[in-house]
Each structure stands twice: as C-alpha cells, then as structure tokens.
Amino acid sequence: MKVVIKESYADMSRMAADIFVEIINQKSECVLGLATGDTPIGMYECLVEDYKAGKVDFAGVKSVNLDEYYPITPDNEQSYRYFMNYHLFDKMNINKADTYVPDGQATNVAKSCEAYEKNIDALGGIDVQVLGIGRNGHVGFNEPDCELYPYTHVTDLTANTIEANSRFFESEDDVPKQALTMGIESIFKARKIVILASGEGKAEAVKAMLGGKITTKCPASLLRLHPDVTLICDKNAAKFI
Ligand code: GLP
C-alpha cells in the first residue's frame, strides 16, 4: 500500500480529487466507486470546484456507492442516497440514472444485493474506488468479524458503528441497525483504491490497517493484498505510523 501523509485535511482532499479528475479526463465513461461519511466531503467539494472551473466533465461518468443503511428511504436526510445527491450529484452534471446506491427500501434484500453486484460487473467494474475507514477498521459496512461476506450483502451494524454514526441522527435509537454494503471482494474488483483517513480518531485504525495482522478483525487490513491502493491521510491520522 502506498502511503501519503498530507499537512492538512484540505491537502488530502485535493490530492484525492486530483486522482479522480485525472482518471475521468483519461476515460470519460469511467466508473467511480464512491463512499459516504465525513471524510470524503472535502474531496467532493474539490470535485465540484473543478467541475465549475471546467476542469472535469461528469456527463459520461457512472458511479456505484459502497453502502446504504437498511431500511431507509432515499428522502431521509441520513440516507446515503440523500448524502450523495446533496454533496455531489446535485452540484455537477452526472446523469443521476447512472448513479447507483444500494436500495435501502428493497423488499427482497438478497435479490437486490445480487442485482447490485451484477450491475458492478455489467458496468465493467470500478475504475477508482474511494474509501473511508471506521474507527474499528471497517470499510463500507464490512464490520470486524471472524469471517467476511465477499459480495454485496446485508449486515448488522456493530454497537461501535451505531454509536459512531449516531452523531448524524437525533438519538442512537434512530440509527438503523442494519446496512447493505459491498463486500471485500466487490471492493477488490476496483482497479484502483484510494483510502482516506483524517483526524486523531482514526490514528489507531490506520495503525492497525498498516502495521497489524492482515485479518478480518480489521477489514481495512485486507486492503494490503490489493495491488493498487493509496492511503492518503492527514498528520493526525498518521500519528502512530
Ligand atoms: C461509515 C460508513 C463508511 C465510512 C466510515 C467512516 O459507517 N459506512 O463507509 O467510511 O463510517 O466515516 P467517517 O468518514 O464519517 O469517519
């Protein structure tokens, strides 16, 4: 894994956006793998800035998102569909019909996950995937466990993640207890992966990802097995490396 430590959150966000812009400018019909959470917001702001400055065009771009709460409706402000529209899609010229987020309202979850996975393949795979990292080392909603499900699936959230994500909801009780997420193998289909970490709260997770055992107990550590992963973090997240 390539590791880049930047002075600030603004610098790491700019670098991540530059990687995406370069790929889009090389391949106008590329497939982006996108993530939610606080961490990629700065990168999305840079992408919108670049779009407005005429440096990048999203007209032919397609995207697939990593995960979504379950159950949740797309108009719920905490849904990841809402997040993506708000932070990125509504601010540039991507065709919304070409943006995919797991269906938080699916009635047949197994079928919906299978279709989501097939769609990733039908799109020709992901050219570049951005990831955040959970404080417990989760990626997407692949939570630490003895074994991990490889493809898009429904999963129970850990108490740790429910607590971490409760900051976005009125109370911890309002956080959905399940989520739909791409699996580790779905993520590994991406030709290039950029993982972002910012702030001291992520320093332990970054240390475990890079320096600990490669284990499903720290899902992010599995990324060391992928041939093209770049970790971009700020100084605070790099405190223990
Ligand atoms: C969430 C998301 C992840 C995200 C992570 C970190 O639970 N499912 O995709 O990477 O937690 O979020 P944040 O960037 O807000 O710290």
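Note that the structure is a prediction, hence the values are computed from the model and not measured. Numbers for residues simply follow the sequence, beginning at 1. In each ligand, atom 1 is the first atom listed, and ligand 1 is the first ligand listed.
- Ion pairing of Lys118 with Glu114 is present here, as a side-chain N (NZ or NE/NH1/NH2) and a carboxylate O approach within less than 4.0 Å.
- Between Tyr116 and Tyr151, the gap from one ring centroid to the other reaches at least 6.0 Å.
- Near Thr39, meaning under 4.0 Å from any of its heavy atoms, are these atoms of ligand 1: 13 (P), 14 (O), 16 (O).
- Looking from atom 3 (C) of ligand 1 to the surrounding protein, the closest heavy atom is Gly140 O, 3.6 Å.
- Looking from atom 8 (N) of ligand 1 to the surrounding protein, the closest heavy atom is Asp67 OD2, 2.8 Å.
- Seen from the ring of Tyr86, Lys91 counts as a face-on cation partner, given the 6.0 Å and 45° thresholds.
- For atom 12 (O) of ligand 1, the closest heavy atom belonging to the protein is Gly37 CA, 4.0 Å.
- Of all protein heavy atoms, the one closest to atom 6 (C) of ligand 1 is Ile133 O, 3.6 Å.
- Below 4.0 Å from some heavy atom of Asn165 lie the following atoms of ligand 1, by number and element: 1 (C), 7 (O).
- Looking only at protein heavy atoms, the nearest one to atom 5 (C) of ligand 1 is His138 NE2, 3.5 Å.
- Using a 4.0 Å heavy-atom cutoff, Met182 is absent from the residues neighbouring ligand 1.
- Between Glu172 and Arg167, every side-chain heavy-atom pair lies at or beyond the 4.5 Å cut-off.
- Using a 4.0 Å cutoff on heavy atoms, Lys202 counts as a contact of ligand 1.
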